[in-house]
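Structure first, then comments.
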Amino acid sequence: MGALHIGHLSLIDRARMENTCVVLSIFVNPLQFGANEDLEKYPRTLESDLQICQTEGVDVVFAPNALEMGVTNRSITQVIPPIEMTSGLCGRSRSGHFQGVATIVTKLLNIVQPNRAYFGNKDGQQLAIIRRLVQDLNLPVEIIGCPTVREASGLAYSSRNQYLSERDRQTAAHIYRSLQQAQELFNQFRDLNHTPAEIITTVTKYLAQQPEINLEYIELVEAKTLKPCIEITAQAELMLAIAARIGNTRLIDNILLSHNITPRKPIIAIDGPAGAGKSTVTKQVANKLGLLSLDTGAMYRSITLAAMREGVDLSDQEKVQAIATRSKIQLIPRVNAEKPMQVLLNGEDVTAEIRSPDVTANVSLIAAQPAVRDILVKQQQQIGQGGGVVMEGRDIGTHVFPDAEIKIFLTASASERAKRRQADLTAQGQFAPDLDVLEHDIRERDRKDSTRDHAPLIQAKDATLVDTDGLTIEEVVAAIVDLYEAKVQNP
């Protein structure tokens, strides 16, 4: 409904990753507001929303008014979801709300006719109802639920957060903390000899310590059907949902509970200066452990190549940002792990071209630009959010995945890296400068990478330093594999 925030941007990012065309609809739906609700004061920021959409690479913004949507009054054909899905949770106090949601979502899906539609998990009741109406009405669209995006405090991003004072925001963070308390208790229920009431009680007792939070409901329901949970079973997929008011602001949140949820696989973050062997090591580690490898450097090289092809001034950050926004980068692993990962830029294979001396000489300038890094970091985080990846770069352990389970800082002396670079160029049939020239270039790139203002090259405090001077690739790979296996076996 507009007033776009980071939570909405995560949906756009996911859609851009998985589709060639992204349409975003903005419509403050009058059908889903009750008589005493905040339709008139609901934030409307279309101009700034359009600017955000342009920056984020949205292809089409569909922002109709009520007349164009045919909902100037309620005397229209409406979609009525199953009463058992709309009568509980938020539906108990918002009569007709989900009927209004279902009607407008159905109209939007019929108008746009997307292959996929993306919704946040924060409104779990709405997501379950939309999935049901798509199933029941045989609508040819895949509904994709995306993780709730939260502030550092745990407060879920919402357009209504702008109504909260700074003190209110601190208080509101306790809503998610109460859900975390319940999740910890649920995870102990391996013997299944506990009741839903115990989970509800845990949240209630925690929030009783926050008198500024006025609870509307706390309910444990089946995530797909929204039926109240009567018994916790091994197969249960549950949603613990909460609604509360702080002052006049109504907030909702939820957390999914299931013994069947597979824990995230560990992430291996390999950082280090140019020429330290990160790319080769990353591919071999991923191959040995059966994980996905991601060469983040190839992404920055691709943007560098795209900017050079367009002949723009590489220091013109606005123009480079525009290029990065509209560039589609695909990284495709090879069957033979020894070969470089295939890199497609807007469908064109640029695997070899991004390794040219000209691109290498300019990539640091592009990688230092905050807007470019923000665009690519979001893509990297999206790829790695499920874990099971080995990522290499300059700031993976410090900026992209600061919560990575295994962090490595791979380095080598400048002279050793110059020898490796010369050998690589010779093997590729390219001109190889003298070692003195290569060593000077490497030191200069180290200086640029480590002194840039945004996400500089530094060793994460909890990273393991691996100096590869005198070590074979096999020895370095073996050391990292040992660290991974130790972490998996002794989490």
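His97 places no side-chain N or O within donor-acceptor distance of the main-chain N or O of Gly91, the cut-off being under 3.5 Å. Using a distance-only test at 3.5 Å, with no hydrogens or angles considered, no donor-acceptor pair links the side chain of Asn121 to the main chain of Gly124. Between the side chain of Asp49 and the main chain of Gly2, no donor-acceptor pair closer than 3.5 Å is present. Between the side chain of Lys107 and the backbone N or O of Met69, at least one donor-acceptor pair lies under 3.5 Å. Judged by distance alone, the side chain of Thr249 and the main-chain N or O of Leu164 form no donor-acceptor pair under 3.5 Å. For Ser178 (side chain) and Leu207 (main-chain N/O), no donor-acceptor pair under 3.5 Å exists by modelled atom type. The closest donor-acceptor contact from the side chain of Thr45 to the backbone of Ser48 lies at 3.5 Å or more, if one exists at all. Using modelled atom types, no side-chain atom of Glu184 and backbone atom of Gln181 make a donor-acceptor pair closer than 3.5 Å. No donor-acceptor pair closer than 3.5 Å links the side chain of Asp59 to the backbone N or O of Val23.
In summary, of the residues considered (Val101, Ile252, Leu226, Ile130), a side chain to side chain contact (heavy atoms under 4.5 Å, CB included) with Gln125 occurs for Leu226 alone.
For the residue pair Arg169 / Asn161, no side-chain donor-acceptor distance below 3.5 Å is found, with atom types taken as modelled. A donor-acceptor contact closer than 3.5 angstrom links the side chains of Gln78 and Gln99. Residues Thr201 and Glu198 bring no donor and acceptor atom of their side chains to less than 3.5 Å of each other.
Counting only heavy atoms from C-beta outward, the side chains of Ile323 and Val372 never approach each other to under 4.5 Å. Contact of the Ile246 side chain with the Ile213 side chain is registered, since non-hydrogen atoms from C-beta on lie closer than 4.5 Å. Within the 4.5 Å cutoff, no side-chain heavy atoms of Val112 are placed close to those of Ser25. With a 4.5 Å cut-off on side-chain heavy atoms, Glu222 and Glu237 do not count as touching. Using a 4.5 Å heavy-atom threshold, the side chains of Leu155 and Tyr176 count as separate. The side-chain heavy atoms of Leu179 and Ile242, taken from C-beta on, include a pair separated by under 4.5 Å. For the pair Leu109 and Gln113, the minimum side-chain heavy-atom distance is 4.5 Å or more. Residues Phe62 and Ile26 are not in side-chain contact: their nearest non-hydrogen atoms beyond the backbone lie 4.5 Å or more apart.
Scored by the salt bridge (charged side-chain N to carboxylate O under 4.0 Å, His left out) test, Glu84 finds no partners at all (sequence neighbours excluded). The side chain to side chain contact (heavy atoms under 4.5 Å, CB included) search around Gln170 returns Glu166, not counting sequence neighbours. Here Ser10 pairs with Val149 under the side chain to side chain contact (heavy atoms under 4.5 Å, CB included) rule; sequence neighbours left out. Contacts of Arg131 classified as salt bridge (charged side-chain N to carboxylate O under 4.0 Å, His left out), with partners at least two apart in sequence or in another chain: none. For Gln321, the side chain to side chain contact (heavy atoms under 4.5 Å, CB included) partners at least two apart in sequence or on another chain are Thr55, Thr325, Ala371, Ile375. Scored by the side chain to side chain contact (heavy atoms under 4.5 Å, CB included) test, Ser95 finds no partners at all (sequence neighbours excluded). With sequence neighbours excluded, the residues that form a salt bridge (charged side-chain N to carboxylate O under 4.0 Å, His left out) with Asp462 are Lys407.
Atom NZ of Lys328 has more than 12 neighbouring heavy atoms from other residues, nucleotides or ligands inside a 6.0 Å radius. Other residues, nucleotides and ligands place more than 12 heavy atoms under 6.0 Å from the CG atom of Asn65.
For residues 240-259, the set of pairs meeting the salt bridge (charged side-chain N to carboxylate O under 4.0 Å, His left out) definition, not counting sequence neighbours, comprises Arg150-Asp253, Glu216-Arg250. Pairs of residues two or more places apart, or lying in two chains, that qualify as ring pair (Phe, Tyr, Trp, His ring centres under 6.0 Å) and include a residue from residues 195-218 are His174-Tyr206. Residue pairs meeting the side chain to side chain donor-acceptor pair (under 3.5 Å) criterion with at least one member in residues 390-400, sequence neighbours excluded: Arg373-Asp395, Arg394-Asp449. The salt bridge (charged side-chain N to carboxylate O under 4.0 Å, His left out) pairs that include a residue from residues 96-106 number zero, where partners must be two or more places apart or lie in different chains.
With rounding to the nearest 0.5 angstrom, the CG atom of Leu11 is 11.0 Å from the CD atom of Glu56. With rounding to the nearest 0.5 Å, the separation of CD1 in Ile396 from CD1 in Ile267 is 10.0 Å. Note that NZ of Lys278 is 8.5 Å distant from CZ of Phe409, once rounded to the nearest 0.5 Å. Here the CG atom belonging to Leu345 is positioned 10.5 Å from the OG1 atom belonging to Thr304, to the nearest 0.5 angstrom. With rounding to the nearest 0.5 Å, the separation of CG in Asn287 from OG in Ser293 is 8.5 Å. Here the CG atom belonging to Leu240 is positioned 8.0 Å from the CG atom belonging to Asn254, to the nearest 0.5 angstrom.
Across Val28 and Met1, no two heavy atoms sit closer than the pair CG2-O, 3.5 Å. Listed here is the closest heavy atom pair of Leu31 and Asn73: CD2-O, 4.3 Å. Between Ala236 and Ser258 the shortest heavy-atom distance is O-OG, 3.3 Å. Counting all heavy atoms, side chain and backbone alike, Val390 lies closest to Ile270 at CG1-CD1, 3.8 Å.
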Practice prompt. For side-chain hydrogen bond (donor to acceptor under 3.5 Å, both in side chains), just list the numbers for Gln459 and Asp271, CA-CA rounded to whole Å, side-chain angles, deciding distance to a tenth of an Å, and then say yes or no.
Written response: CA-CA 7 Å; Gln459 180 180 340; Asp271 291 315; over 6 Å; no
When the side chains of residues 135-148 are checked against the rest of the protein, which donor-acceptor pairs come out under 3.5 Å, sequence neighbours left out?
from, atom 1, to, atom 2, distance (Å)
Asp136, OD1, Arg132, NE, 3.3
Asp136, OD2, Arg132, NE, 2.8
Thr148, OG1, Lys122, N, 3.2

